[in-house]
Amino acid sequence: MSRRRLYLMRHAAVAYFDNGRPVRPEDVPLTEEGIEQARAAGAALASVRFDRVLTSGLARTLETARIVAPDLEAESWPDLRELESGRLGDIPEGQLEQTFLRAFHGVVPEDAPFLGGETIGSLLDRVLPALDRLLADPDWDVVLAVLHGGVNRAILSHALTGVRTFLGGFEQSPGCINVLDVDESGWIVRAVNVAPYDPVHLRGRMTTMEELWSQFRNT
């Protein structure tokens, strides 16, 4: 059996607004809650021996990875960075709510921009080749990849369908774990959005984008 395993995480919680002002997403650190989420993920994965740890290179993925797998040096793969939003001020006020709430809804068209910025097609153009590059390397058995909600949706959508598509309904809680196996015949999706700090998702029913809209509206 040559099947290999990918533990695919979303970075733990951050705060994109500080005292009502947006924070540069490239630099935003984990919150105290995020640190606890990462520690919970690390405890859940404590018995797993990782061959490699991948991140997007953005601070929130590196910080999460250092907590979850402190004994391995995290690699930075910029192609796996999150979707880049546009200037929210350029979006007509009457369209803002729907722009947030429909960003990850259904099968998202490739020409759909994320918050007025990068399109889903552009995301797929860089994420899927990076995934292929990882699979082409035979020198690993178990990888931890600490990435982002949009990136994880792209990977999960491809793994589940076998084609280039983006299924927005894969909710990705902060610090969650997805478990995927892969071999020559394709992918097996074993677990999605496992949150070790909240195993049965009792803490709420809002999506990430709904929470972001609520934070933005209150700035």
Side-chain angles (χ1 to χ4, degrees), residues 3-16 18 23-83 127 130-131 133-135 137 139-156 159 170-182 187-208 211-212 215:
R3 190 169 288 150
R4 299 185 287 175
R5 175 156 292 183
L6 172 63
Y7 287 96
L8 177 64
M9 286 189 62
R10 183 188 173 207
H11 64 81
V14 298
Y16 292 106
D18 182 19
V23 178
R24 276 173 50 89
E26 294 85 357
D27 305 326
V28 65
L30 300 187
T31 61
E32 288 299 320
E33 181 182 19
I35 291 170
E36 291 306 311
Q37 292 168 350
R39 287 173 177 165
L45 295 169
S47 63
V48 181
R49 180 179 177 180
F50 301 115
D51 299 305
R52 298 170 66 179
V53 178
L54 310 184
T55 73
S56 69
L58 294 179
R60 55 196 187 272
T61 64
L62 286 165
E63 188 177 358
T64 302
R66 291 187 189 111
I67 295 171
V68 175
D71 296 331
L72 286 176
E73 183 176 354
E75 304 173 32
S76 295
W77 287 40
D79 287 349
L80 298 176
R81 68 190 181 277
E82 183 57 299
L83 278 158
V127 169
L131 188 62
R133 187 166 72 250
L134 175 65
L135 297 183
D137 182 354
D139 295 329
W140 63 269
D141 180 57
V142 180
V143 162
L144 171 67
V146 183
L147 304 175
H148 305 270
V151 176
N152 289 3
R153 284 172 172 87
I155 293 172
L156 288 166
F170 282 120
E171 181 58 22
Q172 292 287 279
S173 300
C176 72
I177 302 168
N178 308 279
V179 185
L180 298 86
D181 288 346
V182 65
W187 291 92
I188 295 174
V189 179
R190 294 196 179 272
V192 173
N193 198 32
V194 177
Y197 56 91
D198 185 16
V200 292
H201 297 280
L202 293 176
R203 298 191 181 188
R205 301 186 184 183
M206 293 179 69
T207 67
T208 299
E211 291 175 354
L212 282 176
Q215 293 169 19

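The model shown is predicted, which means the values in this text are computed figures rather than measured ones.
Residues meeting the salt bridge (charged side-chain N to carboxylate O under 4.0 Å, His left out) test with Asp27, sequence neighbours left out: Arg24.
Considering all non-hydrogen atoms of both residues, Gly175 and Ala41 come closest at O-CB, 4.1 Å. Nearest heavy atoms, Val28 versus Ala15: CG2-O, 3.0 Å. In this structure, Ala12 and Pro174 approach most closely via the heavy-atom pair C-CB, 4.0 Å. What you find for Leu83 and Gly150 is that their closest heavy atoms are CD1-CA, 4.4 Å. When all heavy atoms are compared, the tightest approach of Pro196 to Ile177 is CG-CD1, 3.7 Å. Pairing each heavy atom of Trp77 with each of Ala130, the nearest pair is CZ3-O, 3.4 Å.
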Problem - Stepwise side chain to side chain contact (heavy atoms under 4.5 Å, CB included) test for Leu135 and Trp140 - result: CA-CA 9 Å; Leu135 297 183; Trp140 63 269; 4.1 Å; yes
Problem - Test side chain to side chain contact (heavy atoms under 4.5 Å, CB included) applied to Val179 and Arg5, step by step - result: CA-CA 7 Å; Val179 185; Arg5 175 156 292 183; 3.7 Å; yes
Practice task
Test Asp79 against Val127 for side chain to side chain contact (heavy atoms under 4.5 Å, CB included), laying out the working first.
Solution key: CA-CA 6 Å; Asp79 287 349; Val127 169; over 6 Å; no
Problem - Chi angles and distances behind the side chain to side chain contact (heavy atoms under 4.5 Å, CB included) call for Ile67, Leu30 - result: CA-CA 11 Å; Ile67 295 171; Leu30 300 187; 4.1 Å; yes
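Checked by atom type and distance alone, the side chain of Gln215 never pairs as donor or acceptor with a backbone atom of Tyr16 at under 3.5 Å. Listed for the Asn193 side chain is a donor-acceptor partner under 3.5 Å among the backbone atoms of Ser173. In this structure, the side chain of Asp51 engages the main chain of Val142 through a donor-acceptor pair within 3.5 Å. Within the 3.5 Å criterion, the main-chain N or O of Tyr197 finds a donor-acceptor partner in the side chain of Arg203. Checked by atom type and distance alone, the side chain of Asp141 never pairs as donor or acceptor with a backbone atom of Arg4 at under 3.5 Å. Side-chain N or O atoms of Trp187 include none that pairs as donor or acceptor with a backbone N or O of Ile155 at under 3.5 Å.
Among His148, Gln172, Glu171, the one residue that satisfies the side chain to side chain donor-acceptor pair (under 3.5 Å) test with Arg153 is Glu171.
With rounding to the nearest 0.5 angstrom, the CG atom of Leu131 is 9.0 Å from the CG atom of Leu180. The line from CG of Leu156 to CG of Asn178 is 4.5 Å long, rounded to the nearest 0.5 Å. To the nearest 0.5 Å, the span separating CE on Met9 from CG on Leu45 amounts to 7.0 Å. Separation of atoms CG (Leu134) and CD (Glu75) is listed at 8.5 Å; rounding is to 0.5 Å. Between atom CG of residue Leu8 and atom CZ of residue Arg10 there is a gap of 12.0 Å, rounded to the nearest 0.5 Å. Expressed to the nearest 0.5 Å, how far CG of Asn152 lies from NE2 of His11 amounts to 9.0 Å.
Contact of the Val182 side chain with the Leu6 side chain is not registered, since no non-hydrogen atoms from C-beta on lie closer than 4.5 Å.
Judged as a side-chain hydrogen bond (donor to acceptor under 3.5 Å, both in side chains), the pairs with a partner in residues 61-73 (not counting sequence neighbours) are, in order, Ser56-Thr61. A salt bridge (charged side-chain N to carboxylate O under 4.0 Å, His left out) check over residues 35-45, counting only residues at least two apart or in different chains, returns the pairs Glu36-Arg39.
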